[in-house]
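So that the names make sense, note that chain A is the first sequence line, chain B the second, and so on, each numbered from 1.
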There are 2 protein chains.
Amino acid sequence: MGEKSFSEPVKISVAVDTVVFGYEEGQLFLLLIERAFEPFVGQWALPGGFVTEGEDLESAAYRELQEETGVETVYLEQLYSYGAPKRDPRFRVISVAYYALVRAQGLNLKAGSDAKNARWFPVSKLPKLAFDHAQIVERALERLRSKIQYEPLAFDLLPVEFTLQQLQQFFEAVLDKTLDKRNFRKKIQAYDFLKELRKLKNVKFRSPVLYRFERAKFDRMRKRGITFSVGA
Amino acid sequence: MGEKSFSEPVKISVAVDTVVFGYEEGQLFLLLIERAFEPFVGQWALPGGFVTEGEDLESAAYRELQEETGVETVYLEQLYSYGAPKRDPRFRVISVAYYALVRAQGLNLKAGSDAKNARWFPVSKLPKLAFDHAQIVERALERLRSKIQYEPLAFDLLPVEFTLQQLQQFFEAVLDKTLDKRNFRKKIQAYDFLKELRKLKNVKFRSPVLYRFERAKFDRMRKRGITFSVGA
DNA sequence: CCAAAAGTGTTCACGGTACACCCATGC
DNA sequence: GCATGGGTGTACCGTGAACACTTTTGG
């Protein structure tokens, strides 16, 4: 901000747009909004909106998510800022993109009450997106795929209680590669941040054990200098 | 940008601020500007300024660097955006922060011709910084330290021709830990992206070999699926 | 008793780490 | 010839990868 002249700086509209990820049954999903106004009416776009006076960027992202989709976000992280002059055909808009993780929680893969025009799409079958949102999604996917390998983001997308098989399937789906069952279990269990809960009964075949992620244990592990890594 | 009402969005001043890194003789440096205007007159700050009409964010970062410091940047990457409502005491400013790498090139650790009020500081002895710039620097350092371990950024900070000892010293300085000489050399040379040039003569003791980084070889190595890593 | 998923150990190859001495050069 | 930094190889260990059978359960 070391401006040289005293001329007033140009003022620009600032938006926040969020790439919301969900996961269910081996598929990664993305929450999109159908645009109700020009430009790009009827096209799908990322949830988001303009930053208001005196409002933090992250707060704006939360607020817009709440207003437009009603989803409960368990993780929100800034991704990148987009400022190409013509990215919005109406007027100059700079957009600060975020990405968020939402727990799919059972089968409830629907948008919150408010927004009838919000829908989950599998990332493998996304519609054509408005603005430069395809680019933003691309970057978010890259970030998610890379960060999931050394940060415990998986546990923000999976149900609170899960089996090792579900956990493995999750990594396989997001990283798009198969993992060895025995090696995967050995590694995960060695970290010792999962708490064994009980057996899941009333399942067709042999009952799997349910686990829960213990963040406190994870943090202690980190402090001991042990780094989490999957799929390396 | 899925605004729900037709009310005009709030307009905000958008700045770009860049953390400029240089390196020389075992020390990492940072290029700062002494502020000539209020607020924070006389304090040191990151080079930067307001984005103008129709100007890309990255172009704005380049332009401001050129105007304020005259340095020739070999690498520029977006870092993070800062938007706390009161981060600038005058009025609302959102700042998109970048970080840049500059080749110190011999002893020329001075600012470009234009800016008399620009100076290099060792990162270990930074002055008090204006605005929230200390926070930005912190994040840039983290990013540099982590990225340098798996991306070839070192070669954008070192002179074009360097010895293995200089290269090792560079990593030791930035990562703040000592590396084993034999293991370091073995590893680096195994990657086979360095070109042996000649012996550096007229040096006090045994003449070291000078090397040059060959980006083409590096890229081919990457394509073969080999990942660069130092200090792991 | 059969079908289907859950669960479990061992071996091998490779990369990381630790470690000490000879070599070339200028003075 | 000596002081100083330049340069080199080997042995060990831990982690990652490959790989197949037994157990549990519901129908």
Quiz item: How many Å lie between CZ on A:Phe184 and C1' on C:dT8, as a whole number?
Solution: 16 Å
Exercise. Using a cut-off of strictly less than 4.0 Å, decide whether B:Lys187 has a side-chain nitrogen or oxygen near OP1 or OP2 of C:dG16.
Key: yes
Exercise. Spell out yes or no: do the side chain of A:Lys204 and the base of D:dG27 have one donor N/O and one acceptor N/O closer than 3.5 Å?
Key: no
Practice problem: Measure up the B:Phe228 and B:Phe155 rings against each other and bin them: parallel (under 30°), tilted (30 to 60°), perpendicular (over 60°). | Solution: tilted
Exercise. Check each of B:Lys195, B:Gln166, B:Arg198 against B:Glu161 using the side chain to side chain contact (heavy atoms under 4.5 Å, CB included) test, and report the only one that passes.
Key: B:Arg198
Quiz prompt | Atom pair distance, as rounded to whole Å: CG in A:Asn183 and P in D:dG14 | solution = 18 Å
Quiz prompt | Distance in angstrom units between A:Lys199 NZ and C:dA5 P, rounded | solution = 17 Å
Quiz prompt | DNA chain D: 5'-proximal contact among A:Phe205 and A:Asp180 (nearest heavy atom) | solution = A:Asp180
Exercise. Ignoring backbone atoms, establish whether B:Arg182 has a side-chain N or O less than 4.0 Å from OP1 or OP2 of C:dA18.
Key: no
Quiz item: With a cut-off of 6.0 Å (strictly less than), are more than 12 heavy atoms of other residues, nucleotides or ligands near CD of A:Glu151?
Solution: yes
Practice problem: Map A:Val209 and B:Arg206 onto DNA chain C by nearest heavy atom, then report which one ends up closer to the 5' terminus. | Solution: A:Val209
Quiz prompt | Rounded interatomic separation in angstrom, taking CG from A:Leu179 and P from D:dA17 | solution = 9 Å
Quiz item: So which one's nearest nucleotide on DNA chain D is more toward 5', B:Arg185 or A:Val203?
Solution: B:Arg185
Quiz item: Between A:His133 and A:Phe131, what is the ring plane arrangement, given parallel below 30°, perpendicular above 60°, and tilted in between?
Solution: tilted
Quiz item: So, are B:Glu196 and B:Arg212 salt-bridged, with charged N and O less than 4.0 Å apart?
Solution: no
Practice problem: Check the distance between D:dG5's C1' and B:Leu167's CG and give it to me in whole angstrom. | Solution: 17 Å
Quiz item: Of the candidate nucleotides C:dT8, D:dT25, D:dG6, which contains the atom at the shortest distance from the side chain of A:Ser207?
Solution: D:dT25
Exercise. Find the distance B:Leu200:CG to C:dA24:C1' and express it as a whole number of Å.
Key: 14 Å
Quiz item: Starting at NZ of A:Lys201 and ending at C1' of C:dA6, how long is that distance when rounded to a whole Å?
Solution: 13 Å
Quiz item: Just how far, in rounded Å, is P of D:dG16 from NZ of A:Lys186?
Solution: 10 Å
